[in-house]
Amino acid sequence: MTLWLSTGLIFTFAAIALILFKWWDLKVIGVTPVRTFTFIAILFTSGLDVGLIMFPLTEFAGYGDLSASPEYGFANPLAVEFGFWAFLIWGFYFLTCFYFCVIEPRVKFFDIPLVRVVNNAVIIGTCAFTAFLLLVNLPWYLPEIGDGETVVPTFYLIVFAAIAAAVHSSSKIKYVKILSLSSSWLFIALIAVMWGRAFLTGNGSVGDFFGTAGLIGEYFTNLHHFMLPLNDYHEFYLFWWFSWSIMIGQFTARFVSGLRTWQLMIAMLVFPSIAIGTWFSVLYHYHAEGLNIAAFINIAMITVGILMVINSLDSLIRLYTDNLNLTARRLGQGKYYLGNLVAMCGLTLLFQLDFLRIQWVGALVIALYFSCFVYIVMKRRSEVMGIEASPKENTLDFRKIELAS
């Protein structure tokens, strides 16, 4: 699996370089474009899940324990955490977003029946894994409910409610804009509240924040270390990112707002990384100073995390139901709601039973990458090399999102 993953990473970075070389200044327009800030909000909230909120505080200590994990010795724990979540790996999303917006309309690789089946299996599986992550991490963040380790009925109810809300919101695409902007502003507010609390209690200052954030610089001076797997845990993360990349590319491609290729790359790598870096810096300050997370902040973190899960599930459910023509318009609201709710709850339980693994899904996505490339070289090379603009039918009309079903 390590060799397969490493080969996929090398191919991905090479493909990104080729896109930038050939289509550096091409104007990229999606099917239903939105304003750039909204696009970034959709990208950020759809492209991340509850792990962003929940994982760092559980991982900093492990990255700092060099006796157990000497492979992390090249950088501080904050830089390592940032490397697992930000910047370079958002290039996966840039690659697939550009492909589905500009290249796929000419290639139609994902219209091939077998590819369509595999693609939707990936989307559905990753969708369930997102809900599973919420379920298994709730005991750590809500130790007041249960013993702090066991998944109790209340946690199942919380996850069920999140899935139910996501299925409902996925029935109309206009909810995407509302959910994404709301999640983004609440995330910003959470950062402000956490840092404000540290500042007001005398446990932090503006200088402390920038000093902590400066530690992220070690990521950029050691960027090459993150280009291939560091260990099994890093492999898990990379497979996880691969599993998301195909579907996030498909979903976000429809919202691209007329950015040039190089601008799209900056928007997709830099802006989410700034938000992630800011959040991780605040969390790392709490970790380094041994500050307790107040109960109301804990609740706020869980709330934002659940909202991010709803965002992610909304976009993924919307995507696979569109792909399979199982939309609410075709099936009716009742059948659409019940069918997706049962499917997502069932698959979530399969992940908990260790019947499914996200690494398998990521490996399947890498196979799709390679298969698509071979198909283009053998059957669609001239069409792809002749691309000089986004599809003609994609016009820069920001009213389309309001008219879409």
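What you see is a predicted model; the values in this text were computed from it and never measured. For reference, positions follow the sequence shown, starting with 1.
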Legend entry - Side chain proximity check, Gln359 to Met1, heavy atoms < 4.5 angstrom: yes

Inset, instruction - Determine yes or no for a side-chain-to-main-chain donor-acceptor pair under 3.5 angstrom, with Thr261 supplying the side chain and Leu20 the backbone. - result: no

Legend entry - Validation row, ring centre Phe187 to ring centre Phe44 under 6.0 Å: yes

Inset, instruction - For residues Trp244 and Phe92, establish whether the separation of their ring centroids is below 6.0 Å. - result: no

Legend entry - Aromatic ring pairing Phe37/Trp185, orientation class (parallel under 30°, perpendicular over 60°, tilted between): tilted

Legend entry - Sole residue of Trp240, Tyr369, Tyr93 in side-chain hydrogen bond (donor to acceptor under 3.5 Å, both in side chains) with Ser245: Tyr369

Legend entry - Exam field: side chain Tyr286 to backbone Met194, donor-acceptor pair closer than 3.5 Å: yes

Inset, instruction - Apply salt bridge (charged side-chain N to carboxylate O under 4.0 Å, His left out) to Asp232 and list each qualifying residue two or more places apart in sequence or on a separate chain. - result: none

Inset, instruction - Measure the shortest side-chain to side-chain distance between His224 and Leu228 over non-hydrogen atoms and say whether it is less than 4.5 angstrom. - result: no

Legend entry - Tyr284 and Glu81, any side-chain heavy atoms less than 4.5 Å apart: no

Inset, instruction - From the options Phe280, Phe84, Tyr219, select the one residue that forms a ring-ring contact (aromatic ring centres under 6.0 Å, His included) with Tyr63. - result: Phe84

Legend entry - Sub-6.0 Å ring centroid separation between Phe370 and Trp4: yes

Legend entry - Val159 vs Leu138 side-chain heavy atoms within contact, under 4.5 Å: yes

Legend entry - Ring center gap for Phe39 and Phe255 short of 6.0 angstrom: no

Inset, instruction - Look at the aromatic rings of Tyr233 and Phe236 and report parallel, tilted or perpendicular, splitting at 30° and 60°. - result: parallel

Legend entry - Ring-ring centroid check Trp279 Trp85, cutoff 6.0 Å: no

Inset, instruction - Without swapping roles, check the side chain of Ser169 against the backbone of Ala166 for a donor-acceptor pair under 3.5 Å. - result: yes

Legend entry - Ring-ring centroid check Tyr156 Phe160, cutoff 6.0 Å: no

Legend entry - Residue pair Tyr72 / Asn231, side-chain donor-acceptor N/O under 3.5 Å: yes

Inset, instruction - Verify, without hydrogens or angle tests, whether Asn311 (side chain) and Leu307 (backbone) share a donor-acceptor contact under 3.5 angstrom. - result: yes

Legend entry - Output field: ring centroids Phe226/Phe74 closer than 6.0 Å: yes

Legend entry - His285 ring center within less than 6.0 Å of Phe209 ring center: no

Inset, instruction - Determine whether the side chains of Asn340 and Tyr320 contain a donor N or O and an acceptor N or O closer than 3.5 Å. - result: yes

Inset, instruction - Decide, yes or no, whether a salt bridge links Asp322 with Arg254 under the criterion of side-chain N to carboxylate O below 4.0 Å. - result: yes

Inset, instruction - For the pair Ser273 (side chain) and Phe87 (backbone), establish whether a donor and an acceptor sit closer than 3.5 Å, ignoring hydrogens and angles. - result: yes

Inset, instruction - Begin with the C-alpha distance, continue with both residues' side-chain angles, and end with the deciding distance and a verdict on side-chain hydrogen bond (donor to acceptor under 3.5 Å, both in side chains) for Thr36 and Ser257. - result: CA-CA 6 Å; Thr36 301; Ser257 54; 3.2 Å; yes

Legend entry - pair Ser371-Phe109: side-chain heavy atoms closer than 4.5 Å: yes

